[in-house]
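To start, the structure itself, in structure tokens.
Below, chain A is the first sequence line, B the second, and so on; all start at residue 1.
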2 protein chains.
Amino acid sequence: MPASASLAIAQRSLGDPDIRYPLWPPLLKGCPRTSSDAMSYPVEVEYDHTRVPADFLSGTGAGFGFGTGAGLDRWSALLPPLLAPTLGEGGTPLIDIGGGVFIKDESRNPTWSHKDRLNRCTVSAALGVDAPGIVVASSGNHGASAAAYAARAGLRCVVLGSAELPPAVASFLTAYGAVVLPVPVEHRWPLTERIVDHFGFFPVSNLTPFHTGSSFGPEGYKTVAYEIAAEVGVPGAVFVPTGYGELLFGIGKGFAELRQLGLTDRVPPLYSCEPAAGGPLATAVRRKVPGAQVPVGATDAYGIDCPVNSYRGVLALERSGGRPLLVDDAQLRAAQEELAAQGLWSELSAAAGLAGLRSAAPEVEGPVVCVTTSSGFQDIGVGARTLAPVDPSWESVLDRLTAAGIGPA
Amino acid sequence: MPASASLAIAQRSLGDPDIRYPLWPPLLKGCPRTSSDAMSYPVEVEYDHTRVPADFLSGTGAGFGFGTGAGLDRWSALLPPLLAPTLGEGGTPLIDIGGGVFIKDESRNPTWSHKDRLNRCTVSAALGVDAPGIVVASSGNHGASAAAYAARAGLRCVVLGSAELPPAVASFLTAYGAVVLPVPVEHRWPLTERIVDHFGFFPVSNLTPFHTGSSFGPEGYKTVAYEIAAEVGVPGAVFVPTGYGELLFGIGKGFAELRQLGLTDRVPPLYSCEPAAGGPLATAVRRKVPGAQVPVGATDAYGIDCPVNSYRGVLALERSGGRPLLVDDAQLRAAQEELAAQGLWSELSAAAGLAGLRSAAPEVEGPVVCVTTSSGFQDIGVGARTLAPVDPSWESVLDRLTAAGIGPA
């Protein structure tokens with residue numbers, strides 16, 4: 001399905017759903033009419049639901065093989081125009097780990113994280129406004145993914161990162177030919193604005209006090225919901241690693257659209273899984289406010305340790321009947337180990353969904369899906385350890401194997 | 001399709017195709033009747049071709065969604081019995097990078113390399129003989145993949161690795177709960193044999209002077225050919241990063257089977273792409289001998305720098321009408337950069353297929369497929385670099401961006 005098959009018609013305010021803006025240009029700072037210094041409201045993309053094909057969900061995907069026009073394209077009717085070339089993002093497997101729990105393994109994307117679904121859309125937005133490049137403030141998966149899609153589309157990319165990157169992530173971030181500038185965190189956003197102004201680059205990072213981010217990007221995450229529904233139907237619940245809440249929102253919106261279209265009969269409750277060291281979304285929900293700012297304590301879950309939430313997260317929980325969960329690093333590590341024991345090595349942040357399920361143990365009917373957002377290679381400690389050689393004598397090896405609980409045949 | 005749907009009926013010698021062995025137990029040291037101290041011949045798996053469904057290739061894969069019984073299972077008729085639980089291996093995308101060149105991106109597997117297709121089969125072999133665990137001699141992708149499938153299947157795993165692992169790979173290899181013992185290389189194979197004898201563990205590494213490896217494992221690589229044929233038909237040629245030649249052999253066998261079954265009309269020429277620092281297969285072909293041993297000089301392509309070939313590689317080139325290519329590290333780096341500029345970050349070894357295509361520039365009719373075997377995270381230098389902070393003043397940033405060739409809007 002070509003990019004022109006998108007049924008996107010407008011941008012709509014999440015602060016007031018009666019407020020609409022044209023689809024182009026993508027708004028860079030959320031909804032200007034409802035936002036204030038005290039709160040920032042994002043916009044979303046609205047579609048012409050009357051024209052969605054009846055077999056939207058049940059189609060086998062024939063004709064959408066990766067080599068023949070690909071990836072998210074299967075769902076292009078309900079995505080912004082996919083102007084950026086595909087890297088074969090999406091279509092990730094659901095892995096059954098027993099006990100009615102499925103892992104949606106997002107490490108199987110082109111840059112090994114869920115961010116690729118978002119950045120196919122953000123770079124499409126940049127191409128749609130003829131920007132010569134993009135600028136992104138990120139020290140991890142988002143920055144690398146944005147750089148990859150920019151390279152693929154022939155756009156320049158500037159990444160404003162941190163100088164304290166995990167070593168493997170430093171290699172990752174610089175792999176795609178972007179100009180990577182490690183600067184102190186307080187300089188990142190002012191420099192983003194300067195680069196946008198001076199070079200006409202398109203920003204694919206947030207520019208508002210509370211997170212609004214990209215208007216097109218989170219639409220890409222809806223495809224997680226479509227894929228789950230097409231494969232196993234509507235699950236009993238979905239547990240989602242949550243930073244700014246864009247993934248959470250996208251998954252919730254995807255399920256909501258399917259129900260609105262009459263293709264499914266309900267929306268699963270979503271559980272946001274934030275690091276206990278911060279947890280702005282949980283705080284906002286507890287305070288019954290649209291946004292909260294919190295101090296962020298020590299955590300190794302560097303991919304999701306955000307000081308502010310997005311209003312998107314509040315909406316996603318409200319609309320799905322879900323609730324916020326907090327997980328500490330010990331719970332994250334236990335979940336990471338449980339995944340590894342199933343043959344799935346995930347980043348610590350990426351294990352937050354399973355950690356949330358195991359710590360909250362809510363009563364759920366039907367299968368549960370936990371999203372793992374990225375691979376173990378993207379974790380904070382990777383590249384920091386080396387292995388000490390062992391004495392290769394049989395006696396020494398035998399001792400070690402015995403100590404590890406391995407017994408004779 | 002359940003594991004029992006496998007049409008595997010026997011093991012057959014590659015040294016003499018008239019010599020057959022029962023399917024079980026999988027032979028551990030190739031074909032005992034044709035092998036000698038001077039040459040080791042592998043065995044392959046033979047199938048009952050009369051019972052292959054007519055829609056083997058054209059089926060849409062309906063019913064084979066990952067969550068519902070999965071991955072390689074779509075092709076289980078022509079695979080060894082898949083007794084090991086899936087991690088959703090296979091089904092990797094073909095990425096069109098222009099000029100009639102497609103990248104088969106094997107970094108999209110469960111442990112981010114092609115080895116997962118092999119290890120679903122090797123661990124199935126271990127389960128089929130009721131082994132309590134597996135032992136593997138590897139310092140990289142093969143060891144981590146084997147550990148992941150062992151964990152998933154509930155088997156113990158011992159990895160005999162090197163103490164000089166790249167730092168990110170050290171984290172990878174130890175992630176899945178295997179007992180990892182870094183020992184000098186000359187101790188690896190004797191210790192493998194001792195562990196097999198003492199603990200009844202199943203070896204998933206080679207145990208012969210010339211490589212014979214696993215009898216079941218390379219069958220898993222046939223699915224690369226099936227997927228390519230199902231998606232874009234038989235390509236004009238396939239370029240394959242080549243170490244011991246198991247991937248090369250599997251891809252060739254897959255295409256050969258499709259032709260034998262009348263599902264396609266030809267087999268594409270395969271090009272083996274070895275590091276110029278070694279190149280045992282190229283040497284064997286040049287000398288017109290079944291196996292060669294070569295000194296391996298300096299190369300960063302540590303994933304494929306093998307001192308001996310397998311006879312499988314010789315057969316794959318002969319049968320497909322292909323030929324061996326050698327690529328040096330500069331050519332590998334150029335290919336790695338070309339891939340990164342398309343948004344694909346690969347291990348240096350994994351770029352050998354594209355490096356081979358670019359260096360040999362053979363005349364090929366129709367689309368060309370280059371296999372990239374693994375992600376950039378698995379490369380030798382990952383984790384070894386850090387980024388120096390830059391002066392965050394606008395003047396300094398402007399200088400850097402200008403120096404990088406970025407001009408004002």
If one checks every heavy atom of B:Tyr149 against chain A at 4.5 Å, the contacting part turns out to be neither

Between B:Pro166, B:Gly343, B:Pro167, which residue shows the highest count of heavy-atom pairs closer than 4.5 Å to chain A?
-> B:Gly343

Under 4.5 Å from any heavy atom of chain A - which part of B:Pro132 | neither

Is there a donor-acceptor pair closer than 3.5 Å between any side-chain N or O of A:Ser139 and the backbone N or O of A:Ser162?
-> yes

Parallel, tilted or perpendicular: ring planes of B:Phe201 versus B:Phe199, cut at 30 and 60 degrees = tilted

Mind ranking B:Gln342, B:Arg194, B:Arg400 by heavy-atom pairs under 4.5 Å with chain A and telling me who comes out on top?
-> B:Arg194

Just give me the residue among B:Ala150, B:Gly177, B:Ala341 that pairs up with chain A most often, heavy atom to heavy atom, under 4.5 Å.
-> B:Ala341

Residue from A:Pro184, A:Ala230, A:Ser375 scoring the most non-hydrogen pairs under 4.5 Å with chain B is A:Ser375

Non-hydrogen atoms of chain A under 4.5 Å away: do they reach the side chain of B:Val158, the backbone, both or neither?
-> side chain

Assert top hit (heavy-atom pairs under 4.5 Å, partner chain A, pool B:Ala153, B:Ala170, B:Ala151) equals B:Ala151

Contact winner vs chain A - B:Ile103, B:Asn109, B:Thr111, heavy-atom pairs under 4.5 Å = B:Asn109

Largest heavy-atom contact set with chain B, pairs under 4.5 Å, which of A:Pro408, A:Pro392, A:Ala148 | A:Pro392

Bottom line for B:Leu173: the part with an atom under 4.5 Å from chain A's heavy atoms is neither

Among the listed options A:Val180, A:Leu398, A:Asp391, the residue most often paired with chain B at heavy-atom distances under 4.5 Å | A:Leu398

What residue, out of A:Ala144, A:Gly200, A:Ala175, has the most heavy-atom pairs lying under 4.5 Å from chain B?
-> A:Ala175

Checking B:Arg108 side chain against B:Ser113 main chain: does a donor-acceptor pair fall under 3.5 Å?
-> no

Name the region of B:Leu387, side chain, backbone, both or neither, that has any atom closer than 4.5 Å to a heavy atom of chain A.
-> both

Counting only N and O atoms by type, is there a donor-acceptor contact under 3.5 Å from the side chain of B:Thr192 to the main-chain atoms of B:Arg188?
-> yes

Chi angles and distances behind the salt bridge (charged side-chain N to carboxylate O under 4.0 Å, His left out) call for A:Lys104, A:Glu227 | CA-CA 10 Å; A:Lys104 183 68 170 167; A:Glu227 291 173 9; 2.7 Å; yes

At a heavy-atom separation under 4.5 Å, does B:Leu344 approach chain A through its side chain, its backbone, both, or neither?
-> both

Side chain from CB out, backbone as N, CA, C, O: work out which of these in B:His198 comes under 4.5 Å of a heavy atom of chain A, or both, or neither.
-> both

Report yes if the distance between the aromatic ring centroids of A:Trp112 and B:Phe377 is under 6.0 Å, otherwise no.
-> yes

Between B:Glu106 and B:Lys115, is the closest basic N to carboxylate O distance under 4.0 Å?
-> no

Scanning both residues in full, the closest heavy-atom pair of B:Ala126 with B:Ile134 reads CB-CG2, 3.7 Å

State whether the side chain of B:Gln336 and the backbone N or O of B:Ser346 hold a donor-acceptor pair below 3.5 Å, judged by distance alone.
-> yes

Identify the two heavy atoms, one from A:Phe202 and one from A:Ala131, that lie closest to each other, and give their separation to 0.1 Å.
-> CB-CB, 3.7 Å

Pair count under 4.5 Å, heavy atoms only, with chain A: among B:Leu191, B:Asp105, B:Val169, highest is B:Leu191

For chain B, find which of A:Asp197, A:Leu401, A:Leu160, A:Asp379 contributes the most heavy-atom pairs closer than 4.5 angstrom.
-> A:Leu401

Check each atom of B:Ala388 against the heavy atoms of chain A and say whether the ones under 4.5 Å are side chain, backbone, both or neither.
-> backbone

B:Val179 versus chain A, the contacting section by heavy-atom distance below 4.5 Å = side chain

With respect to chain B, which residue among A:Ile228, A:Thr174, A:Leu339 yields the maximal number of heavy-atom pairs within a distance under 4.5 Å?
-> A:Thr174

Under the 3.5 angstrom rule, does the side chain of B:Arg156 hit a backbone N or O of B:Gly133 as a donor-acceptor pair?
-> no

